[in-house]
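What follows is a set of notes on a single structure, which appears directly below.
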Amino acid sequence: MTCLCHISRIRAPASTLRPSNRRLQHVSRAASTFTSTSHSSSSPAFTHLKSPNSPHSSKWPRRTHRSSAFTSTRQLSTTPSKSTNSNTSSSTSNNKSNKDDPKKSHRKHWTRRWPAKTSLLLLLTICALPTVSEALRTGDSNCTINPLQNYLVGRPLNPTTFVPFTITAREQVSPTSFILTVRPLHARDAPFFFLPDLHANKPILTRAWEHGLWSVEIKQPQLQVARDYTPLPPLHNEAQNDLETGVLRFLVRKLDGGEVSTYLSRLSVGDKIELRGPHLGFDLRARVGESEKDVVFLAGGTGIAPALQAARVLLGDGNDGTGKRSRVSILWANRHRADCEGPGGIISLLAEERQRHGDRLRYACTVDEEGTFINTGAIVKQTGMSSSLPSSSPGRWSWVPFSGNKTPPPPSTASDLLPATAAGEDTCAYHSAKRLITMPARDTPGEKGCTCAEQQQQHWGKNLLMVSGPDGFIATFAGAKVWGAGEELQGPVGGVVGTLRKQNPRFWADWLVLKL
Ligand SMILES: Cc1cc2nc3c(=O)[nH]c(=O)nc-3n(C[C@H](O)[C@H](O)[C@H](O)COP(=O)(O)OP(=O)(O)OC[C@H]3O[C@@H](n4cnc5c(N)ncnc54)[C@H](O)[C@@H]3O)c2cc1C
C-alpha cells in the first residue's frame, strides 16, 4: 500500500509550502522508517472516520463541498457556449462548419470546455484518488507519522497518530529546565488544511484529567523518536479555558545528549511540535478507594508533574466527593533553588491546592546544591511509619543524597516482596503488591479491576507511596524498574523503601509502591 506521505510530496513543491509544512514533508520521507519507543501504531485509524457518527465526519462535507465546487466550475465553463449559441451568426457559421467537418468541430468544442490545465489537473486527481482514498480508509501501518492524514482529516489528540500543536509560551525555570505551553493548531495557523475544531480536544482532555495520571509523547522529527512528557495541571481559574482550547503545559528538563529534551530546549514560540496521546497511567482513585488514606509522593525534578496530577485527582476539586479524605505529602528533590521557586508557576499550583485543601496537602522542596535531600526520616514521618516504631528508633534515620543519573544501586530481588498479602489480593489488579511487580506503569485496559474490594471489605483501598523522576532517583528510593515482555515493568520494591518494608512488613502491607 502506498503511504500517504508520498502523496504529500507530490502535492506541492517545497518552496511553495509554509515552513511547518516543509518540515512535515521532510518528516514524511523518513516516516516509513519511524519506530516509536512505545504504543506502536497499528490501529485502523481511519475506519471510524468513515462513520457518520465520527467526530471527524463533519470534515467530510467540506471535501464534498470542494468536489461540488469543481462541478460548478464545469457548469460555468458550459455557460459561455450557450451564450455563444445565442449569437445567431456565429452559431449559424459553426453549425455550418460542424456539418462540414464533424471531427474538427468536436475537438474545438472540447478544447474550449477543457483547457489544458484543467485536463491535467483532472488527470492527476483521478490518478491520485484510489491511493488517497485507500490510505485514508485504512491508514498505513508503515506510515506512522502521516502529515496528510493529520492535516487533511483534522484529527484531535489521539493515542495512535501524532497531531500538530504550536508553542505559545516558553518559560526558562532554571539553567536546565523550562516550561512549554502548547495549543492545537487550528485554521488560523494553516488556512489551506482541514484542521480539527478548536474544541475537538475537550472531551479527550477532560477524560484524561478525570483519570488523573497521564502523559503524551512528543516527537523529535529529524531522528523520528518520541518520549513521554506529563502535562502540568492548570491553575483552577484557568482550567476551563485550557480545556476548551486544548492548551497543555510541560515542565521539561534538558539532558546533556538527550535527543528529545535537547530538541525541545531549542524550540521557541511559534514553532510546531507533534503530540500523541493521551496515555493513561495507574488508576489512583481505584487504588485508594473510599476510605481515609495516606499518599506520599517522592518527586525528583520534573517528577513533580505526575505528583501534581496525583494531588489534583486524589484531593478532588471539593465538589465531586471523590478521594476527599486522602492526605497527600509531596517531597520534591531539585538540584537548584530556582527549580523550586522559579517563575514556572509550580509553587503557585502547590500553594493553590494547599489553600483549597489545607493540611490534606503537605509539600517540601529539597535542593542538592544547598545540601538538603529527601531522607529516610522524611519518608518514615510522612508515611506515619514512625508511629509504629519503638520510641528510640527515629534518631537512626540518615539522609539519602541523590545526585542525577549516577549508577543506581543493584535492583532488589523477589525476596524483597511483602511476605504476606490478604487472601484474594493476589488476583486484584488494583491492590495486589505482587501483581504490581510485573505490571508496566499503567493498568491493563478492559481488565476487571478490583476483586479484593468485594471479598475483603476491610482491605478496600490502600495507602500509596509513589516515586517519580529520573531512573537513578526511582532506583535509589524504590528499586529499579525492570525490563520484560518488551516494556518497562515495575519490578520488585527495593532501595530505601524496600529496606523500610523489610523492617516493618506489617505496616507496609497497607501500602502500594508505584514507580512512575
Ligand atoms: C510517563 C513518563 C512521563 C515523563 N514526563 C516527563 C516530563 O514531564 N518532563 C521531562 O522532562 N521528562 C519526562 N519524562 C522523561 C522523558 O520521557 C525523557 O526520558 C527525557 O526527557 C529524556 O529524553 P531524551 O530523549 O532527551 O534523552 P535520551 O536521548 O533518551 O537520553 C537519556 C539519557 O541518556 C543519556 N544518553 C543518551 N545516549 C547516550 C549514549 N549513547 N551514551 C551515554 N549516555 C547517553 C543522555 O545524556 C541522557 O542523560 C517522562 C518519562 C515518562 C516515562
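Whatever order the structure lists them in is the order used to number ligands and atoms, beginning at 1. In what follows, residues are counted from 1 in the order of the sequence shown.
Applying the 6.0 Å contact sphere to CG of Asp256 captures no more than 12 heavy atoms from other residues, nucleotides or ligands.
Between Glu369 and Arg337 there is no salt bridge, since none of the side-chain N atoms of the basic residue sits less than 4.0 Å from a carboxylate O of the acidic one. At a threshold of 4.0 Å, the pair Arg360-Glu353 does not count as salt-bridged, since none of the basic side-chain nitrogens sits closer than that to a carboxylate oxygen. Between Arg249 and Asp242, no side-chain nitrogen of the basic residue sits less than 4.0 Å from a carboxylate oxygen of the acidic one, so the salt-bridge criterion is not met. Salt-bridge formation is not detected for the pair Asp283/Arg442: no Lys NZ or Arg NE/NH1/NH2 atom is positioned less than 4.0 Å from an Asp or Glu carboxylate oxygen.
At least one N or O atom of Leu251 sits closer than 3.5 Å to an N or O atom of ligand 1. Close N/O approach between Tyr229 and ligand 1 is found [any backbone or side-chain N/O within under 3.5 Å].
In the vicinity of Val252, heavy-atom distances shorter than 4.0 Å reach the ligand 1 atoms 11 (O). Within ligand 1, counting atoms from 1 as listed, the ones closer than 4.0 Å to a heavy atom of Val260 are 24 (P), 25 (O), 26 (O). The distance from ligand 1 to the heavy atoms of Arg253 drops below 4.0 Å at these ligand atoms: 11 (O). Each of the atoms 9 (N), 10 (C), 11 (O), 12 (N) of ligand 1 lies under 4.0 Å from some heavy atom of Thr302.
In Asp256, the part holding a heavy atom less than 4.0 Å from any atom of ligand 1 is the backbone.
Formation of a donor-acceptor pair under 3.5 Å by the Thr372 side chain with backbone atoms of Asp368 is not found in this model.
With atom 15 (C) of ligand 1 as the reference point, the heavy atom nearest to it among Asp228, Ile179, Thr230 is part of Asp228.
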